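Everything on this sheet refers to the single structure shown next.
Note that the coordinates shown come from a computational prediction; the quantities given were computed from them, not determined experimentally.
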Amino acid sequence: QVQLVESGGGLAQPGGSLRLSCAASGSIFRINTMAWYRQAPGKQRELVAVIASDSSTYYTNSVKGRFTISRDNAKNTVYLQMNSLKPEDTAVYYCNLGLSRGTPGDYWGQGTQVTVSS
């Protein structure tokens, strides 16, 4: 099965930056959409950013202008660069392989905690 391994989470100050990485196994990465989701305790899972196989992107309104999703197909890796972090960005972030028509794919990373606090 496809495995997704995340890294880069941690503690940041408000206004600071973090970069999340998600490395995927398998050759199907190149032709599949990748997405980042996040979930805070007691809240619903939220789609944050999407990058398609042609590198077109989508961002939820709350992160537009602050977050950037990118992919490196040679490394089978997707990134989420998070700038100007806010406390409300605090959540567990998950990468997902295979998002299609609003439905997540079956492959998820283990999740990485992002905490934004002064």
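- For Asp106, there are no side-chain hydrogen bond (donor to acceptor under 3.5 Å, both in side chains) partners, not counting sequence neighbours.
- Residues in residues 91-118 take part in these ring-ring contact (aromatic ring centres under 6.0 Å, His included) pairs, two or more places apart or across chains: Tyr37-Trp108.
- Among pairs with a residue in residues 56-91, none fulfils ring-ring contact (aromatic ring centres under 6.0 Å, His included), at least two apart in sequence or across chains.
- One hydrophobic cluster, built from ILVMFWY side chains closer than 4.5 Å, cannot hold both Ile69 and Val92; they sit in different ones.
- Leu85 CG to Leu18 CG: the interatomic distance, rounded to the nearest 0.5 Å, is 5.5 Å.
- Pairs engaging residues 61-99 under the disulfide (SG to SG under 2.5 Å) rule: Cys22-Cys95 [sequence neighbours left out].
- Under the rule for a side-chain contact (heavy atoms from CB on, under 4.5 Å), the partners of Ala23 that lie at least two apart in sequence or sit in another chain are Thr77.
- Atom CD in Glu88 sits 8.5 Å away from atom OG in Ser62 (nearest 0.5 Å).
- Every residue two or more places apart in sequence or in another chain that forms a side-chain hydrogen bond (donor to acceptor under 3.5 Å, both in side chains) with Arg66 is listed here: Asp89.
- Counting non-hydrogen atoms of neighbouring residues, nucleotides and ligands closer than 6.0 angstrom, the CD atom of Gln110 exceeds 12 such neighbours.
- Taking both residues in full, the closest heavy atoms of Val114 and Met82 are given as CG2-CE, 3.8 Å, listed atom of the first, atom of the second, then distance.
- Note on residues 33-77: no pairs pass disulfide (SG to SG under 2.5 Å), not counting sequence neighbours.
- Across all non-hydrogen atoms, the minimal contact from Leu99 to Ala35 is CD2-CB, 4.0 Å.
- In this structure, the side chain of Asn96 engages the main chain of Gly105 through a donor-acceptor pair within 3.5 Å.
- Applying the side-chain contact (heavy atoms from CB on, under 4.5 Å) rule to Ser56 yields the partners Ala52, Asp54; only residues at least two apart in sequence or on another chain are considered.
- From Met34, atom CE reaches atom CG of Asn76 across 9.0 Å, with rounding to the nearest 0.5 Å.
- The distance from the OG atom of Ser25 to the CG atom of Leu4 is 7.0 Å, given to the nearest 0.5 Å.
- Thr112 OG1 to Trp36 CH2: the interatomic distance, rounded to the nearest 0.5 Å, is 7.5 Å.
- The same ILVMFWY cluster, assembled from side-chain heavy atoms under 4.5 Å apart, contains both Val78 and Val63.
- Listed by chain and residue number, nothing satisfies the side-chain hydrogen bond (donor to acceptor under 3.5 Å, both in side chains) test with Gln39 (two or more places apart in sequence, or in another chain).
- Other residues sharing a hydrophobic cluster with Val5 under the 4.5 Å side-chain heavy-atom criterion for ILVMFWY residues do not exist; the residue is a singleton.
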Donor-acceptor contacts under 3.5 Å from residues 40-48 side chains, at least two apart:
from, atom 1, to, atom 2, distance (Å)
Glu46, OE1, Arg38, NE, 2.9
Glu46, OE1, Arg38, NH2, 3.4

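- Looking at Pro14 and Pro87, their side chains come closer than 4.5 Å, going by heavy atoms from C-beta outward.
- Leu97 is listed as a side-chain neighbour of Val2, based on a closest heavy-atom distance under 4.5 Å.
- If you take CG on Asn73 and OG on Ser55, they are separated by 6.5 Å, rounding to the nearest 0.5 Å.
- For Ser17, the side-chain hydrogen bond (donor to acceptor under 3.5 Å, both in side chains) partners are Asn83, not counting sequence neighbours.
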